[in-house]
Amino acid sequence: MLKIQGLRKSFGDIEVLKGVNLELKTGEILVIVGPSGGGKTTLLRSINYLEKCNAGTIEIDGKYLMHEGVYASKGELKEIRKMIGMVFQGFNLFPHMSVLENIIEAPTRVFGKPKAKAIKEAQDILGFLGLTEKENSYPFELSGGQKQRVAIARALALEPKLMCFDEPTSALDPALTDEVAKVIKSLSQKGMSTLIITHDMEFAKKAADRIISIDNGIIIDDHIYDNGIND
Amino acid sequence: MLKIQGLRKSFGDIEVLKGVNLELKTGEILVIVGPSGGGKTTLLRSINYLEKCNAGTIEIDGKYLMHEGVYASKGELKEIRKMIGMVFQGFNLFPHMSVLENIIEAPTRVFGKPKAKAIKEAQDILGFLGLTEKENSYPFELSGGQKQRVAIARALALEPKLMCFDEPTSALDPALTDEVAKVIKSLSQKGMSTLIITHDMEFAKKAADRIISIDNGIIIDDHIYDNGIND
Amino acid sequence: MNGIMGFFEYFTMLMPQVLHGLVVTMQIFGFTLILSIPLGVIIALGRLSKYKVINWITGIYINIMRGTPLLLQIVFVFFGLPLIGITFGRFSAALFAFTLNYGAYFAEIFRAGIDSIDTGQYEGAEVLGLSPKDTFFRIIFPQALKRVLPPVGNEVVTLVKDTALVYILGLDELLKIGKIASNRDATLMPLVIVALVYLVLTYILSKIMTCIETKYNYYR
Amino acid sequence: MNGIMGFFEYFTMLMPQVLHGLVVTMQIFGFTLILSIPLGVIIALGRLSKYKVINWITGIYINIMRGTPLLLQIVFVFFGLPLIGITFGRFSAALFAFTLNYGAYFAEIFRAGIDSIDTGQYEGAEVLGLSPKDTFFRIIFPQALKRVLPPVGNEVVTLVKDTALVYILGLDELLKIGKIASNRDATLMPLVIVALVYLVLTYILSKIMTCIETKYNYYR
Amino acid sequence: SPQKTSTSTLDQATWVVGLDDSFAPMGFRDEKGEIVGFDVDLAKALGEKLGKEIKFQPIDWSMKETELKAGNIDFIWNGYTITEERKEKVSFSNAYLNNSQIIVTLADSAIENKADLKGKTVGAQSQSSAVTAMEKETEVYSSFKGGKAVTFESNDQALMDLEAGRIDAVVADEILLRYYIALKGEEKYKILSEDFGNEQYGVGMRKDDLKMVEAFNKAYAEMKADGTIKAISEKWFGEDITN
Ligand SMILES: Nc1ncnc2c1ncn2[C@@H]1O[C@H](COP(=O)(O)OP(=O)(O)OP(=O)(O)O)[C@@H](O)[C@H]1O
Ligand SMILES: Nc1ncnc2c1ncn2[C@@H]1O[C@H](COP(=O)(O)OP(=O)(O)OP(=O)(O)O)[C@@H](O)[C@H]1O
Ligand SMILES: [Mg+2]
Ligand SMILES: [Mg+2]
């Protein structure tokens with residue numbers, strides 16, 4: 001599903017990714033851990049074409065986002081990016097839209113879902129994330145954990161083939177964290193591949209098929225943990 | 001050290017704190033857990049006089065911040081607030097100041113420490129938080145966990161009598177989390193009282209003298225955990 | 001002009017002329033606003049375009065428009081263009097110059113507003129797969145709009161007063177009426193009256209702007 | 001005025017006068033800037049003050065200054081104030097009116113800039129125990145400064161062109177020099193030259209502003 | 001009131017002459033930026049004769065009486081037409097120059113007389129005596145398109161607008177208009193034989209300063225007699241056209 005080879009990225013003089021190799025199977029849930037500043041966020045952003053890398057190959061679902069340092073054409077990029085979902089460390093909710101509007105924006109505008117259907121599905125997601133009461137609130141009225149759940153809901157509503165989470169449970173209590181793990185697991189059974197950055201080892205072990213560790217821009221441990229399902 | 005009685009706070013129609021009672025001894029480390037949206041952040045902000053409450057009493061180190069719904073005078077408030085430190089869920093670093101400048105600002109301006117001394121102490125704190133290399137970086141150049149550690153360092157540099165942390169380890173890896181727990185413990189032995197909001201039970205158990213739980217604006221469980229040191 | 005009585009008599013006498021001037025002022029004002037705001041949005045987009053040429057042309061346009069006095073621009077449109085065979089009517093010349101000029105100012109305001117939106121918002125929209133058009137019109141522009149309301153309000157108030165420049169074309173706007181009467185009667189009274197009219201006008205406009213700003217306060 | 005040769009001859013002939021006008025323009029410009037920016041900061045603070053009276057007075061001041069044409073304000077200062085015994089020289093009158101007027105505009109810009117700083121910044125400073133003065137001057141104002149640079153730049157450019165209004169006091173600034181020559185020689189050429197001078201002037205100013213903005217780009 | 005009512009301008013050592021420095025050929029700036037013109041030479045000659053230092057203060061024409069009243073200037077001396085209205089605000093010297101309000105059209109215009117101006121657009125300088133003169137002939141004036149004249153900041157602009165074809169005729173002081181027509185090319189224009197009447201230029205002084213007015217008239221008469229005035233007139237107009 002996802003194949004990364006020799007990925008390098010620098011900010012100015014500092015090389016943040018120093019040749020990352022990574023493979024993810026369809027339906028697999030891969031958790032990336034590692035010390036702060038190790039390059040996890042940068043890696044995820046690179047997969048989403050939010051950072052331009054200096055060298056390497058990124059292949060997603062058989063299409064090359066980047067091939068040996070050369071990026072795909074604009075049209076291809078657009079197609080590839082449609083398959084990927086992302087939950088940011090900083091959420092990036094749209095402040096001028098209510099919770100519901102945030103969630104249905106992409107399904108209705110990008111995938112042309114009928115509005116009523118999109119709302120129905122959004123409400124379902126909000127339901128099992130415990131946010132039903134907040135569907136008409138604006139982001140500034142939400143607590144940290146509520147914002148985070150809206151960000152998750154917004155990404156889930158896209159039904160992407162590859163989902164990337166950057167610390168999705170940092171502001172969530174253990175009960176909600178379990179809930180999120182369950183949702184991800186059930187979606188992966190329907191074929192969604194998932195990349196998760198987290199510091200929460202409990203959550204990691206609950207959700208992951210495999211856990212790898214990245215430090216100082218390089219994958220240092222490819223098999224910290226393996227639940228054995230996929231292998 | 002800290003005594004809260006019958007604290008109530010509403011946002012518009014919604015009552016978020018519904019009569020909170022809480023006591024904290026000098027040098028004690030109290031962890032507050034609870035579901036997202038339960039009112040934890042609001043409680044901490046109230047203690048720091050960042051939210052104005054509707055009713056109740058807040059007593060800090062023998063002085064009344066609020067007494068049965070009536071706030072202290074401006075001068076008293078200022079004195080009381082000088083004793084309290086706070087690390088925000090959103091960090092609130094000063095974007096126009098480097099990491100070092102962020103940290104030494106209060107020691108030099110508020111407590112009149114000589115600049116050289118403040119820098120020395122700041123570098124020490126940055127040292128054991130693993131941020132020595134970033135002392136001249138600006139906040140926008142930092143990863144999530146790095147920002148969080150700067151926020152912690154900034155609050156620690158104040159050497160407050162009462163320290164409040166709102167999810168201080170949400171972006172930190174387990175190793176750093178342990179480090180933070182150790183720092184808090186050692187400071188509490190020197191007399192600093194600490195309030196911590198967290199979802200990370202590992203961290204909570206490592207740091208806490210006592211853990212309580214708050215849900216739906218009320219303390220529902222006063223003794224989830226007690227390490228027995230203080231009782 | 002003795003005392004308060006004299007003021008009211010004088011005021012009543014002057015009113016019809018003042019009203020006439022007000023109509024001219026409001027016409028220039030209204031039409032300029034209607035035309036220059038959309039122009040400003042288009043130029044702002046050009047300014048933000050990734051095509052170097054468009055970027056460059058709109059940049060020069062803005063610099064010229066903002067770098068030279070509006071009065072001169074009106075003179076060039078009205079007296080200069082006929083020399084190369086383009087003749088505008090009096091009112092259309094004024095409107096043309098005002099629209100070009102204010103379009104440039106609004107463009108700069110919109111550009112700054114759009115620039116001020118956090119990159120996180122673009123990234124959020126991008127990973128959702130929103131098209132550049134949707135990203136702009138549904139995510140970025142609505143938020144930018146809220147931020148540009150205060151500077152747009154400033155510009156609107158300035159426009160009311162700038163309309164006075166059409167005196168150079170022989171149009172009898174408010175200020176000219178006041179100056180003529182002041183000179184004729186050798187008193188500052190007409191200018192006081194005109195100043196009051198401007199004050200009322202700008203007061204109403206800023207109230208309207210405040211209303212619109214309040215409407216956008218539903219989020220932070 | 002035949003062809004390019006004629007233009008250069010004419011240009012050379014006109015230059016000394018244009019330079020003289022430029023000096024007057026730059027004097028009004030420079031002094032107004034130096035005086036009105038600090039005034040603007042003070043008024044902005046008054047506008048943000050929690051004391052209702054100060055708030056209200058500065059509010060009225062700003063509304064009057066922004067709500068009436070600067071031309072009228074100059075007239076009132078020069079011709080009106082002597083009626084109540086306050087007599088200014090021509091240049092001082094111009095400077096006084098300009099400073100009052102631009103002070104109000106700068107005040108609004110600074111107020112908006114200060115308002116736009118996230119409450120988290122105030123809260124961060126508050127829990128660190130910073131005094132209100134330190135909070136303002138070390139945390140809020142430096143960040144506001146970065147944000148107000150573009151609108152301040154706009155105002156500065158506008159000021160260059162507004163100096164032309166001192167014609168009403170008979171001061172020989174740039175635009176008047178152009179108008180007189182245009183009138184005398186019955187050609188638009190002097191106005192073209194004057195427009196070019198303005199363009200150069202505002203170009204230099206906006207380059208300076210860009211430099212300052214770049215200096216503030218060390219953080220985001 | 002700050003008006004210098006008690007003292008006379010005559011007692012001052014320095015006289016400030018207020019003028020609109022774009023009023024060729026009466027008072028304007030030459031290529032070097034010096035203030036020159038027929039009225040300027042007259043004022044200088046007067047100063048020399050009476051031993052006064054003469055200063056020229058450019059003013060905005062629309063502010064002239066206000067400037068005089070405020071004491072910023074001592075004379076309005078710049079092709080200043082004597083009218084009944086103005087007499088209420090200033091004291092005039094004896095008239096020194098005759099002038100008429102002539103009508104100019106483009107050379108190929110069909111307009112031949114005032115009656116032809118019916119329904120046509122007529123331009124003039126704002127707040128000039130041309131407007132006053134036209135307003136007196138109410139019937140003709142109200143027959144203009146729009147019921148009144150279009151007024152410009154300067155006669156030059158009115159002529160430019162005439163050339164652009166947006167107005168059909170310009171009414172202005174003969175003396176001023178001839179200057180422009182000479183500049184722009186006489187063949188382009190046609191001056192109608194009818195006009196909006198004769199009027200005269202005078203020098204404006206403060207309303208109650210009769211002492212100054214008297215002294216002025218006396219000195220002028222002497223200069224007229226000794227040929228000073230004639231020389232100045234010949235310099236600017238080629239002949240002596242003064243009273
Ligand atoms: N400005 C506001 N306006 C309206 N409601 C608010 C506002 N701030 C907070 N709330 C509501 O108050 C409740 C408590 O919020 P608070 O931030 O204290 O929760 P929390 O316990 O810190 O949750 P989390 O763990 O998710 O950060 C939430 O339901 C939230 O939606
Ligand atoms: N815009 C930038 N300019 C300079 N350096 C940057 C920039 N963005 C990130 N970095 C640096 O790159 C390194 C990796 O950052 P990244 O955000 O990928 O870390 P991370 O593994 O996500 O850490 P965390 O767990 O703390 O979020 C850090 O040292 C950071 O300081
Ligand atoms: Mg990160
Ligand atoms: Mg919270």
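The figures that follow rest on heavy atoms only: side chains count, while hydrogens, waters and symmetry mates do not. Numbers restart at 1 for each chain; the letters A, B, ... are given by sequence-line order, proteins then strands.
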Trainee: Please classify the contact of C/Ile86 with chain E as side chain, backbone, both or neither, using a heavy-atom distance under 4.5 Å.
Mentor: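 Contact with chain E: none, neither part.
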Trainee: Looking only at side chains, do E/Thr83 and E/Glu199 share a donor and an acceptor under 3.5 Å apart?
Mentor: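 No, because no side-chain N or O of E/Thr83 sits under 3.5 Å from a partner of the opposite role on E/Glu199.
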Trainee: Out of E/Glu163, E/Glu88, E/Glu65, E/Met63, return the one with the most heavy atom pairs under 4.5 angstrom to chain C.
Mentor: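 The option with the most such pairs is E/Glu65.
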Trainee: Quick one: of E/Gln157, E/Glu153, E/Arg86, who has the most non-hydrogen atom pairs under 4.5 Å with chain C?
Mentor: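 If we count pairs closer than 4.5 Å to chain C, E/Gln157 comes out on top.
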Trainee: So for E/Thr151, is it side chain, backbone, both, or neither that comes closer than 4.5 Å to the heavy atoms of chain C?
Mentor: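 Both backbone and side chain of E/Thr151 come within 4.5 Å of chain C.
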Trainee: Given the side-chain rings of E/Tyr80 and E/Phe92, with only the six-membered ring counted for Trp, is the space between their centroids under 6.0 Å?
Mentor: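 Yes, the ring of E/Tyr80 comes within the 6.0 Å limit of the ring of E/Phe92, centre to centre.
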Trainee: Of E/Phe216, E/Tyr201, E/Phe56, which meets ring-ring contact (aromatic ring centres under 6.0 Å, His included) against E/Trp77?
Mentor: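 Result for ring-ring contact (aromatic ring centres under 6.0 Å, His included) with E/Trp77: E/Phe216.
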Trainee: Check the side chains of E/Asp74 and E/Gln12 for a donor-acceptor pair under 3.5 angstrom, ignoring hydrogens and angles.
Mentor: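 Per modelled atom types, E/Gln12 and E/Asp74 side chains form a pair under 3.5 Å.
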Trainee: Check for a donor-acceptor pair, side chain of C/Arg147 on one end and backbone N or O of C/Ser116 on the other, with a separation under 3.5 Å.
Mentor: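 Side chain of C/Arg147 to backbone of C/Ser116: a pair is present.
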Trainee: So what's closer than 4.5 Å to chain E heavy atoms on C/Leu169: side chain, backbone, both or neither?
Mentor: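 Contact with chain E is through the backbone of C/Leu169 alone.
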